[in-house]
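To start, the structure itself, in structure tokens.
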Protein chains: 2
Amino acid sequence: MEKRRDVFQAIADPTRREILCLIAKEPLNLNSIAENFDMSRPAISQHIKVLDESGLVAMRKKGRQRFCHIRPQKMKEVDRWLEQFRQLWEDRFSQLDQVLNNLKNQDNEE
Amino acid sequence: MEKRRDVFQAIADPTRREILCLIAKEPLNLNSIAENFDMSRPAISQHIKVLDESGLVAMRKKGRQRFCHIRPQKMKEVDRWLEQFRQLWEDRFSQLDQVLNNLKNQDNEE
DNA sequence: TATTTATGTAATCAAATACTTACATAAAAT
DNA sequence: ATTTTATGTAAGTATTTGATTACATAAATA
């Protein structure tokens, strides 16, 4: 009965992105995570719930604590989406080149 | 007086991600973009405004049309953020290995 | 000049977000 | 058994989001 969440929506919030950075180094329990933010514990708890539902993190119970682990495979999904744009900035036609090129094409059209 | 938008918030919406895919191939004007969606033109117009404010797209006027170009350098920002996680899935300690490893460490702790 | 076309903008509105405080529960420590 | 600790959950709320329809404007076209 787990609600499914969009990965992109999950990383849209800056607090959630910070949480991901924190636990990328090492798994942390909820209170340890909350200590890093100027925000109530339930607020953090809810953010983590969103991350959990998106599949970006996995929770593991250990006694009365719950550790938050990052799930690299899910992060990779974002990377795969980016893949289709990657050549745009890796090409010789990157950035300025591309802009100038587009401008030139426009002027020539029609 | 341009409002500044978060790139991650901009790509959080599926419609906006689709728009980015569309214009990655070639710049399109607003109506051409709107044709691809089952949604009113003003709705698309507002989505494009968000993309514009985030810097992910640039608008170029051409007569009474406005063409929407992708800005690869801004897409790259997302890629740079992902960078810090990339080794997590490229490592020999990826996915299952990593989970098992973390579990083992947990069991040993304390 | 009048009309069509491509677009912007305003007013609305329902739903989702991101918080808060207060209370509930379950495991560990006393 | 009681208390403390780590966490979940509910209720309430202000703000933001994502959409709509209706109207405005500016460039191309007849």
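First the proteins, then the strands, lettered A, B, ... as listed; each starts at 1.
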Quick check for you: to the nearest 0.5 Å, what is the distance between B:Ile48 atom CD1 and B:Leu30 atom CG?
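If I round to the nearest 0.5 Å, the distance is 4.5 Å.
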Would you compute the distance between atom CD1 of B:Ile33 and atom CG of B:Leu20 and round it to the nearest 0.5 angstrom?
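Separation between the atoms: 9.5 Å.
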Phosphate oxygens OP1/OP2 of D:dT7: is one of them under 4.0 Å from a side-chain N or O of A:Asn29?
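The answer is yes; a side-chain N or O of A:Asn29 sits under 4.0 Å from OP1 or OP2.
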Does B:Asn31 put a side-chain nitrogen or oxygen below 4.0 Å from OP1 or OP2 of C:dT5?
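No, outside the criterion.
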Distance in angstrom units between [X] [atom1] and [N] [atom2], rounded:
| X | N | atom1 | atom2 | result |
| --- | --- | --- | --- | --- |
| B:Arg17 | D:dG18 | CZ | P | 11 Å |
| B:Lys49 | D:dG18 | NZ | P | 14 Å |
| B:Ile33 | C:dA6 | CD1 | C1' | 13 Å |
| B:Gln65 | C:dT5 | CD | P | 13 Å |
| A:Leu30 | D:dT7 | CG | C1' | 6 Å |
| B:Asp6 | D:dT17 | CG | C1' | 15 Å |
| B:Arg60 | C:dT7 | CZ | P | 15 Å |

Listed by chain and number, what are the side chain to side chain contact (heavy atoms under 4.5 Å, CB included) partners of A:Asn36, not counting sequence neighbours?
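If we apply the side chain to side chain contact (heavy atoms under 4.5 Å, CB included) test to A:Asn36, skipping adjacent residues, the hits are A:Leu22.
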Output one letter per nucleotide in nucleotides 17-26 of chain C: B when a protein non-hydrogen atom lies under 4.0 Å from the base, S when only the sugar-phosphate is that close, - when neither is.
SSBBBB----
For the student: nearest non-hydrogen atoms of A:Asn29 and A:Phe67, plus distance:
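In this case the closest contact between A:Asn29 and A:Phe67 is N-CD2, 3.6 Å.
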Grab the two heavy atoms, one from A:Cys21 and one from B:Gln84, that are nearest each other, plus how far apart they are.
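For A:Cys21 and B:Gln84, the tightest heavy-atom pair comes out as SG-OE1, 3.4 Å.
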Do B:Arg80 and B:Glu83 sit within salt-bridge range, that is, some charged N less than 4.0 Å from a carboxylate O?
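Result for this pair is no, no salt bridge flagged.
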